[in-house]
Amino acid sequence: MTKDKGLSLLHKLYETTNLEHKEWLYILTHYTDELAKEACDLALQVKERYFGERVYLRGLIEFTNYCHRHCLYCGLRCENKALSRYRLSETDILVCCKEGYNLGYRTFVLQGGEDVAFTDDKIESLVRAIHEHYPDCAITLSIGERSHDAYLRFFKAGATRYLLRHEAASCDLYEKLHPHMSFQHRIRCLEDLKSIGYQVGAGFMVGVPGQTLEDLALDLVFLNRLQPHMVGIGPFMPQHDTPLGTFPSGTINLTTFLLALVRLMLPDVLLPATTALSTLDTTGRAKGLQAGANVVMPNLSPLGVREKYALYDGKACLGAESATASCALTNAIHQAGFVADFSIGHSPRYKV
């Protein structure tokens, strides 16, 4: 009976794209390999309906590893004195964009810690410069919490996408993991981004210490309410110089199960197979794609700084995780049964 109910709820999700909180919790609590396989099979059907076999490639530029935040899990946290810090100049970043553009990339993802040296003026200038050089490309920002005015300025300068993981839909868990930060402010930032007109990305880690299945059910309810254009989900990965550095990683199985559930709930969502998946498991990217993911973000950052962007231990940034290794990357995607697509790849819901 339990197995039948789980499958029944899964098919309800496939047909309606929605479950109640207690139903999410039931599915998560009664996870089985059979349920996970069915979820992935259904998720692939949905992904194919909206995107075919395409997997969108985005060029990731990690332009600063300075951060003034105290997040318990992140190697960039300001208390980490063991980390060798760096900032790329605007010229450095434009060189990365040129290299990516020549390789065929038409989306650049600018990601960094919440670095006070990169003021709103500097970010606006940077976005404008990239947009002027590459007007046929999309610019995605992933730089944390800023004011509504700052988000609006970046949007007017040419950024059309913004990634800001909500991290936890439980206020209690969020504020335990993020000292001196406000859950309500985080949600307000996401609402500001949506109101301005960005393609907005939210998301969370799977298996972070203190997280329960109840918390994950709340995350799914929150995402269904927010209706983001993108969702970033990856396993928790410890970083040894953080307070959570001795805890075990999240698991591939639960992470890919959640990817499949998100694909079923948000059929046209842009869903990355994250670098953390590939770091945790050499076949992690393929498993993510086979669970409904349809985005990969290989690294365009200069080789000399990639290991310094130490969000977690052992982060994969070479080989098929490198944007410059385009043959290895496209082959890996092909071997997983999909086709690499370097185009701009807007959300189907985005009105150009």
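It should be emphasised that the depicted structure is a prediction, and the values quoted were computed from it without experimental measurement. For the single chain, residues carry numbers from 1 onward in sequence order.
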Discussion item. Is there a salt bridge (Lys or Arg N to Asp or Glu O under 4.0 Å) between Asp92 and Arg87? Walk through the geometry before answering.
Written reply: CA-CA 9 Å; Asp92 294 332; Arg87 292 184 178 104; over 6 Å; no
Item to complete: Can you spot which of Arg85, Gln239, His68, Glu114 makes a side-chain contact (heavy atoms from CB on, under 4.5 Å) with Leu76?
Response: Arg85
Worksheet item: Of Leu190, Ile143, Leu141, which is the lone residue that meets side-chain contact (heavy atoms from CB on, under 4.5 Å) with Leu164?
Response: Leu190
Once rounded to the nearest 0.5 Å, what's the spacing between atom [atom1] of [X] and atom [atom2] of [Y]?
{"X": "Leu7", "Y": "Ile27", "atom1": "CG", "atom2": "CD1", "answer": "9.0 Å"}
{"X": "Tyr56", "Y": "Ser347", "atom1": "OH", "atom2": "OG", "answer": "9.5 Å"}
{"X": "Leu277", "Y": "Met237", "atom1": "CG", "atom2": "CE", "answer": "9.0 Å"}
{"X": "Leu103", "Y": "Leu300", "atom1": "CG", "atom2": "CG", "answer": "7.0 Å"}
{"X": "Leu289", "Y": "Leu44", "atom1": "CG", "atom2": "CG", "answer": "9.0 Å"}

For the residue pair [X] and [Y], does the interplanar ring angle fall in the parallel (under 30°), tilted (30 to 60°) or perpendicular (over 60°) class?
{"X": "Phe154", "Y": "Tyr151", "result": "perpendicular"}
{"X": "Tyr14", "Y": "His11", "result": "perpendicular"}
{"X": "His166", "Y": "Phe222", "result": "tilted"}

Please check if [X] and [Y] belong to a single hydrophobic cluster, counting links between Ile, Leu, Val, Met, Phe, Trp and Tyr side chain heavy atoms closer than 4.5 Å.
{"X": "Ile61", "Y": "Ile344", "result": "no"}
{"X": "Phe257", "Y": "Leu25", "result": "yes"}
{"X": "Leu60", "Y": "Tyr86", "result": "yes"}
{"X": "Val295", "Y": "Val55", "result": "yes"}
{"X": "Tyr162", "Y": "Ile187", "result": "yes"}

Item to complete: Please list all pairs passing the side chain to side chain donor-acceptor pair (under 3.5 Å) test where one or both residues lie in residues 240-260, with sequence neighbours left out.
Response: His240-Asp313
Practice prompt. Run the numbers on Phe236 and Tyr73 for ring-ring contact (aromatic ring centres under 6.0 Å, His included), then give the verdict.
Written response: CA-CA 8 Å; Phe236 164 73; Tyr73 50 83; 7.3 Å; no
Worksheet item: Any side-chain donor paired with an acceptor under 3.5 Å for Glu167 and His178?
Response: no
Discussion item. Checking Ser343 against Asp341: is there a side-chain donor and acceptor pair closer than 3.5 Å?
Written reply: yes
Practice prompt. Just do the ring-ring contact (aromatic ring centres under 6.0 Å, His included) check on Phe63 and Phe118 with the steps written out, would you?
Written response: CA-CA 10 Å; Phe63 66 95; Phe118 276 94; 4.8 Å; yes
Discussion item. Check for me whether Arg106 meets the cation-pi criterion with Tyr101, that is, NZ or CZ under 6.0 Å from the six-membered ring centre and within 45 degrees of the ring axis.
Written reply: yes
Worksheet item: Between Asp192 and Arg188, is there a side-chain N and carboxylate O pair less than 4.0 Å apart?
Response: no
Worksheet item: Any salt bridge between Lys37 and Asp41, counting N to O under 4.0 Å?
Response: yes
Discussion item. Which residue in the set Arg306, Lys315, Lys308 passes salt bridge (charged side-chain N to carboxylate O under 4.0 Å, His left out) when paired with Glu62?
Written reply: Lys315
Worksheet item: Can you tell me if NE2 on His148 sees more than 12 non-hydrogen neighbours from other groups inside 6.0 Å?
Response: yes
